[in-house]
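Have a look at the structure below before the remarks.
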Amino acid sequence: MPISIASWNINSIRLRQNSVRKFLKTANPDILCLQETKCIDELLPLSVFEKLGYQYAASRGQKSYNGVLTLSKREIKKTSFLDMCGKGDARHVCIELMDGLKIHNFYIPAGGDIPDTKLNEKFNHKINFIEELKEKIFSHQQKKTVILGDFNIAPLPDDVWSHKALLNVVSHTEQETTLLRELMEKGKWVDVFRKHFPSGKLYSWWSYRARDWKISNRGRRLDHIWASPDLAKKSKECKIYSNIRGWDRPSDHVPILSVF
DNA sequence: ATGGTAGGTCTCCTA
């Protein structure tokens, strides 16, 4: 039985609960992983999603900042959390389904403006976060596992509107893209979007600061779905819902979806 | 090279 899994940085779940409903109705994924919910667990509008068939949820909420939430139509056997860098940030939640499939929902730090670990503590945090994933969490190859979310890194030249213009911009520096590639290679993770679309521009985020996001089209692919090799073989389809960036009061990220 | 917008709020911090 196929399973469809989506990821979306929603930038406030309470402000955009109607957008989430609309997306769930049209795309109908089995699982939706949200990032930047900016909401404590007690205030999540979960009943709204229950009515649409998402009876199971796993959340790590936080007031004002971060926050991850995974909605599921399928029963969740186990939920776990990682406290990356020991900061207590709500940036990860993992669910395990009845068949043993594990889905890690991550919100990797954005990293601030200056791409220098000595001058910018936020960039240092981002680098340490990914180092920790590489050295401790995913240091060995895994099976039946999906890692997804807002990674805040556009790894390939075709993941940004201008490779040259963004080489010194946080999200596309060589330090970040090299580290992400090392993490990927260490666990033999497969970027399922690039499996289906090996070349050509792909974006999942467009800045709020453009006069017209569609006309300027200065996007970046910051959101990713990675699968362990056994699962990646069964990857059937990948979609980016770019049109959602044009909805009323949109998030700056759009949903991405994979079918296995 | 610069400055542009959005969300939640500890009216500033984060993205």
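All chains are named by letter (A, B, ...) in the order of the sequence lines, taking the proteins before the strands, and each is independently numbered beginning at 1. These figures come from a predicted structure and were not determined experimentally.
- Using the six-membered ring where Trp is involved, A:Phe151 and A:Trp226 have ring planes that are perpendicular, over 60° apart on the 30 and 60° scheme.
- Among the nucleotides B:dT9, B:dG7, B:dA15, the one closest to any side-chain atom of A:Lys122 is B:dA15.
- Taking atom NZ of A:Lys126 as the reference point, atom C1' of B:dT14 lies 14 Å away to the nearest angstrom.
- With sequence neighbours excluded, the residues forming a side chain to side chain contact (heavy atoms under 4.5 Å, CB included) with A:Ser19 are A:Trp8, A:Arg16, A:Trp247, listed by chain and number.
- To the nearest angstrom, P of B:dT14 lies 11 Å from OH of A:Tyr107.
- Rounded to whole Å, the distance from CG on A:Asn120 to C1' on B:dC13 is 14 Å.
- Side-chain nitrogen and oxygen atoms of A:Arg220 include none within less than 4.0 Å of the OP1 or OP2 phosphate oxygen of B:dA15.
- The distance between atom CD of A:Gln35 and atom C1' of B:dT14, rounded to the nearest whole Å, is 16 Å.
- Considering A:His224, A:Arg221, A:Lys201 in turn, A:Arg221 is the only one that fulfils the side-chain hydrogen bond (donor to acceptor under 3.5 Å, both in side chains) rule with A:Asp159.
- Remark on DNA chain B: of its neighbouring residues A:Asn66 and A:Arg14, the 5'-side contact belongs to A:Arg14, judged by nearest-heavy-atom nucleotide.
- Using a 4.0 Å heavy-atom cutoff across all strands shown, A:Arg245 reaches no nucleic acid atom at all.
- Within the 4.0 Å cut-off from OP1 or OP2 of B:dT14, not a single side-chain nitrogen or oxygen of A:Lys38 is found.
- Candidate nucleotides B:dT9, B:dG7, B:dG4 were compared by shortest atom distance to the side chain of A:Arg209, and B:dG4 ranks first.
- Of the listed nucleotides (B:dT9, B:dG7, B:dA15), B:dG7 has the atom at the smallest distance from the side chain of A:Asn11.
- With rounding to whole Å, A:Arg16 atom CZ is found 10 Å from B:dA6 atom P.
- Going from the C1' atom of B:dT14 to that of B:dC10 covers 13 Å, rounded to whole Å.
- The one candidate from A:Leu179, A:Thr177, A:Thr173, A:Thr178 that meets the side-chain contact (heavy atoms from CB on, under 4.5 Å) condition with A:Gln175 is A:Thr173.
- Between A:Gln62 and A:Ala110, the residue whose closest nucleotide on DNA chain B is further toward the 5' end is A:Gln62.
- In this structure, the ring of A:Tyr241 has its center less than 6.0 angstrom from the ring center of A:Phe23.
- In this structure, CG of A:Asp248 is placed 12 Å from P of B:dA6, rounded to the nearest angstrom.
- Using a 4.0 Å heavy-atom distance criterion, A:Arg218 is classed as making no nucleic acid contact.
- Of the possible donor and acceptor atoms, one in the side chain of A:Arg60 sits under 3.5 Å from a partner among the backbone N and O of A:Asp89.
- One C1' atom belongs to B:dG4, the other to B:dA15, and the distance between them is 14 Å to the nearest Å.
- Put simply, A:Ile95 and A:Phe138 are part of two different groups of oily side chains (I, L, V, M, F, W, Y) that touch within less than 4.5 Å, one to the next.
- Straight-line distance between the C1' atoms of B:dA6 and B:dT11: roughly 16 Å, to the nearest whole Å.
- Atom CG in A:Asp113 sits roughly 16 Å away from atom P in B:dT5 (whole-Å rounding).
- Less than 4.0 Å separates DNA chain B from no heavy atom of any residue of residues 149-175 of chain A.
- Backbone-only engagement by A:Arg249 is indicated by non-hydrogen atom pairs under 4.0 Å involving sugar-phosphate atoms exclusively.
- Between A:His125 and A:Phe129, the ring-plane angle classifies as perpendicular under the 30° and 60° cut-offs.
- Proximity note for A:Glu36 (side chain, C-beta onward) versus B:dG7, B:dC10, B:dA15: the nearest is B:dA15.
- Here, B:dT5 and B:dT9 have their P atoms 22 Å apart, quoted to the whole Å.
- Put simply, CG on A:Leu222 is 13 Å from P on B:dA15, counting in whole angstrom units.
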